[in-house]
Amino acid sequence: MTTWLFLLFVFVHGAVIAHLCIKKDGDARLASAFIFGSLASTTPIYLLTVAIKSLNTSLILFFCISLLFFILLRNKYIQAFIQFRNVHWTRWCLLGLLFIASYYLFSKAFGYDSIHGNFLIASHVYMDMGAHIPFIRSFSMGNNIPFAVPFFAEKSIFYYPLFDFYTGLLEKYGMRIDIAYNFLSSLTLISFIVLLYKTTYVLFRKKSISILTVFLFFFPSTLQTPLLQTASFKLFLQSFWHITSYNGSGPLGENTIQVFWYFNTFLNQRPLLFGLASLFLFVFMFLQQDKKILTKSMQIVLGTLLGFLALWHTLIYTISFFLLGSISLQIKYFFKYIPFFFISLCIGVPAVLLLDKFPIVFKPGFVLSNTLSLERLLLFWGWNLGVGIVLIPLGFIFAKKNMKLFFVPIFLLFIVPNLFQLAPYMYDNHKFFSIWIIFANMLSALALATIWNKKLLGKILTCIFLLFYILPGLCNFLVIKNDVKAVVTDYPRNSFMTFVKKNLPNDSIIFTNGEIYDPTNLVGKKTYLGRVHFIYTYGVSADTAIQNKNIALLGQDKNSIQILFKRLNIRYAVFYKNNFAHNTSDVNINFYKKNFTKIYEDTNGIIFKI
């Protein structure tokens, strides 16, 4: 009941904000309600929880403040509700179908076997979910406020926490974790689709281009198509329906065709999808303002929400601020929107400085940086963009002057990550390209629509171009359909995990021999030391922590181990056996039996009090 009441408040608050700042466009307001409401509701609850250290109290305060807003602004809430009542039933049916399709896609990646109490995780999202589930559970079952990575106790690492916090909040108050995660992801995807369509329509004023842009998002073009690699068309038809993996091989070798163009990126990185929906919401809102200037009070509200976005995704916040500044300069409204940009900077920049401390290194060539040449770079992007490498420039040529001005700064999203390494791993630059290609697809859609109108030859060429989108895109969705599931044990039907959940405190660090999907993390506890790949990805060296963990596991230096445990407030040690946990390390169990008190043991593991 609490979960659904909270979600109702999210939508109601979002509907009012959408009603006040978006012109008469029911579809856009409907899509905006979820994004605005999530930013305006979940972020303050998180910040309140950080301040008062109690999620229950924060939620009660949120409900009380919400009721006060309902009373003071009741006419605005009533007007927003009436507008939603007037949305035609066919719109609701279309949104319902979109939700079902979206939920099916996300549940294929992350599901739950309620009979046996197991997570079901697709192989292509296995790594990322190994981080997100501990994050979510650290909120729903643990005490991870203020937010830090729950499987690294050596020092605090901060990472944009809000989408996982959102899911954890829903799970804590009654919604099963997979349903909560997939439900929020599905609403995010629907909002993104509508706002992408609306933004494209505001730019080009043609429904065909808007529909094509949405289509190209789901069916990106690359030259990595099984049809091109199969000896015969008959063999292709026999094999493609059962494809289970993305093929990254190209003329430059293995892993040179990047998978970040595909929808799998958003099955992996749900916060990125939410950030993109927020980005297109703000871009759409600015583009459709025309001659109507937002009031200063609405600028303060919206500037606050854009600043909040930094807690959901720092890169998206930075890009949003950059693009909105560019748009307002083009329409000569920048100085009229000073309150908006000022508030957004005051709130967003501190969050970016806290959460995102990655170096900027001049390293041209992206993943080809170590073997870079002009020929290899052109070949790389030719194979990765497919026919887009022709259509994107054509679309820019066909675009009107004001449209060209809009897209010029967007091309920096492609140029900058080709020149600089902007994360601990070069591959993480992919987020820039994943964002850029969505805007670039608008130009490809414009080019396709223009070519289609060039008599019979144009229609033939358009159909040929579309084949290079449909075939690789279809194969990518078949990978999602056919993906194999990893089974990861959860606590409800496991006595060992249930004991850890109920009896080990949330405020201490627990030493384990686990790694990814550590059962102790899966019940909301903080551990030392989990998947080190994630820690390096977050921009922190784990070398010292790895050495300390190995010393403690070997049990050869009691004094050093006791000093380490005392420094990190480690009060319990949990060791798994019989292959219960994934990727466990060997441990000198006799050392712990001799020096510490055993408090629990079964076939899955043993627990010591330090």
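Residue numbers run from 1 in the order of the sequence given. FYI, side chains are in, hydrogens and waters are out, and symmetry mates aren't considered; it's all heavy atoms of this structure.
In terms of heavy-atom proximity, Q288 sits nearest to C21 at NE2-O, 3.6 Å. Between F163 and P271, the shortest heavy-atom distance links the atoms CB-CG, 3.9 Å. Here the closest heavy-atom approach between residue L446 and residue T450 is recorded as O-OG1, 2.7 Å. Taking all atoms of both residues into account, the shortest heavy-atom contact from L422 to P417 is CD1-CA, 4.3 Å. A pairwise comparison of heavy atoms in S140 and G168 identifies CB-O, 3.2 Å as the closest pair. Smallest separation of non-hydrogen atoms from Q269 and D128: CG-OD2, 3.7 Å.
When atom types are taken as modelled, the side chain of D178 and the backbone of S107 share no donor-acceptor pair closer than 3.5 angstrom. Although no hydrogens or angles enter the test, the distance criterion places a donor-acceptor pair under 3.5 Å between the side chain of S221 and the main chain of V387. A donor-acceptor pair is defined here as one N or O able to donate and one able to accept, closer than 3.5 Å; no such pair exists between the side chain of D483 and the backbone of A109. Between the side chain of R29 and the backbone N or O of I22, at least one donor-acceptor pair lies under 3.5 Å. N453 contributes a side-chain N or O that, together with a main-chain N or O of A449, makes up a donor-acceptor pair within less than 3.5 Å. The main-chain N or O of R176 is never found under 3.5 Å from a side-chain atom of E171 such that the two would form a donor-acceptor pair. With hydrogens and angles disregarded, a donor-acceptor distance shorter than 3.5 Å links the side chain of S210 to the backbone of Y201. Without hydrogens or angle criteria, T43 side chain to A40 main chain gives no donor-acceptor distance under 3.5 Å.
F70 has its ring centre less than 6.0 Å from the ring centre of F9. Annotation: W381 is in aromatic contact with F433 [ring centroid separation under 6.0 Å]. The aromatic ring centres of H430 and Y427 sit less than 6.0 Å apart. Ring to ring, F6 and Y173 are not that close: their centroids are 6.0 angstrom or more apart. In this structure, the ring of F165 has its center no less than 6.0 angstrom from the ring center of F147. A distance of 6.0 Å or more separates the ring centres of Y166 and Y46.
Taking the six-membered ring for Trp and thresholds of 30 and 60 degrees, F183 and W4 have ring planes more than 60 degrees apart, a perpendicular arrangement. Classification of the F215-F219 ring pair by plane angle, with boundaries at 30° and 60°, yields parallel. Classification of the F321-F341 ring pair by plane angle, with boundaries at 30° and 60°, yields perpendicular.
Residue K481 places its NZ atom among more than 12 non-hydrogen atoms of other residues, nucleotides or ligands, all under 6.0 Å distant. Shown here is K206, whose NZ atom has no more than 12 heavy atoms of other residues, nucleotides or ligands within 6.0 Å. Enclosure of atom CZ in F322 by more than 12 non-hydrogen atoms of other residues, nucleotides or ligands within 6.0 angstrom is indicated.
There is a side-chain donor-acceptor pair under 3.5 Å between S58 and T49. Between the side chains of T42 and W312, no donor-acceptor pair is found at a separation under 3.5 Å. Counting only N and O atoms by type, the side chains of S326 and Q330 include a donor and acceptor under 3.5 Å apart. Judged by distance alone, the side chains of R270 and N182 do bring a donor and an acceptor atom under 3.5 Å apart.
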Stepwise ring-ring contact (aromatic ring centres under 6.0 Å, His included) test for F266 and F217: CA-CA 11 Å; F266 304 106; F217 169 75; 5.4 Å; yes
How far apart are the C-alpha atoms of K296 and V301, what are their side-chain angles, what is the distance that settles it, and do they pass the side chain to side chain contact (heavy atoms under 4.5 Å, CB included) test? CA-CA 9 Å; K296 287 186 178 180; V301 171; over 6 Å; no
What do the steps show when you test F106 against Y181 for ring-ring contact (aromatic ring centres under 6.0 Å, His included), and what is the final call? CA-CA 9 Å; F106 287 114; Y181 204 48; 8.4 Å; no
Under the side chain to side chain contact (heavy atoms under 4.5 Å, CB included) criterion, do L391 and L443 qualify, and how do the steps go? CA-CA 7 Å; L391 293 176; L443 294 175; over 6 Å; no
Apply side chain to side chain contact (heavy atoms under 4.5 Å, CB included) to residues R91 and L30 and explain how you reach the verdict. CA-CA 10 Å; R91 301 292 193 192; L30 200 55; 5.6 Å; no
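Remark: T2 engages no residue in a side-chain hydrogen bond (donor to acceptor under 3.5 Å, both in side chains) (not counting sequence neighbours). Looking at residues two or more places apart in sequence or on another chain, you find no side-chain hydrogen bond (donor to acceptor under 3.5 Å, both in side chains) involving T213. Applying the ring-ring contact (aromatic ring centres under 6.0 Å, His included) test to F218 and every residue at least two apart in sequence or in another chain returns F263. Among residues two or more places apart in sequence or in another chain, the salt bridge (Lys or Arg N to Asp or Glu O under 4.0 Å) test is passed with D164 by none. Legend: residues meeting side-chain hydrogen bond (donor to acceptor under 3.5 Å, both in side chains) with D25, ordered by chain and number and at least two apart, are K198. Every ring-ring contact (aromatic ring centres under 6.0 Å, His included) that F396 has, sequence neighbours left out, goes to F411. Residues passing the ring-ring contact (aromatic ring centres under 6.0 Å, His included) test with F11 are F34, sequence neighbours excluded. Contacts of Y77 classified as side-chain hydrogen bond (donor to acceptor under 3.5 Å, both in side chains), with partners at least two apart in sequence or in another chain: H13.
Listed by first and then second residue, the salt bridge (Lys or Arg N to Asp or Glu O under 4.0 Å) pairs that reach into residues 324-348 come to none, sequence neighbours excluded. The salt bridge (Lys or Arg N to Asp or Glu O under 4.0 Å) pairs that include a residue from residues 391-415 number zero, where partners must be two or more places apart or lie in different chains.
Distance check, rounded to the nearest 0.5 Å: CD1 of I179 to CG of L184 gives 11.5 Å. From T3, atom OG1 reaches atom CG of L169 across 7.5 Å, with rounding to the nearest 0.5 Å. The CG atom of L98 lies 5.5 Å from the CD1 atom of I193; values are rounded to the nearest 0.5 Å. The CD atom of Q79 lies 10.5 Å from the CG atom of L73; values are rounded to the nearest 0.5 Å. For the atom pair OH of Y103 and CG of L187, the computed distance is 11.0 Å after rounding to the nearest 0.5 Å. The distance from atom CG of L47 to atom CD1 of I145, rounded to the nearest 0.5 Å, is 9.5 Å.
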Tell me which donor-acceptor pairs under 3.5 Å the side chains of residues 278-285 have, and how far apart each pair is, sequence neighbours excluded?
residue : atom : partner : partner atom : Å
S278    : OG   : F274    : O            : 3.0

N/O donor to acceptor pairs below 3.5 angstrom from side-chain atoms of residues 461-480, sequence neighbours left out:
residue : atom : partner : partner atom : Å
T462    : OG1  : W452    : N            : 3.3
T462    : OG1  : G458    : O            : 2.7
N476    : ND2  : P472    : O            : 2.9

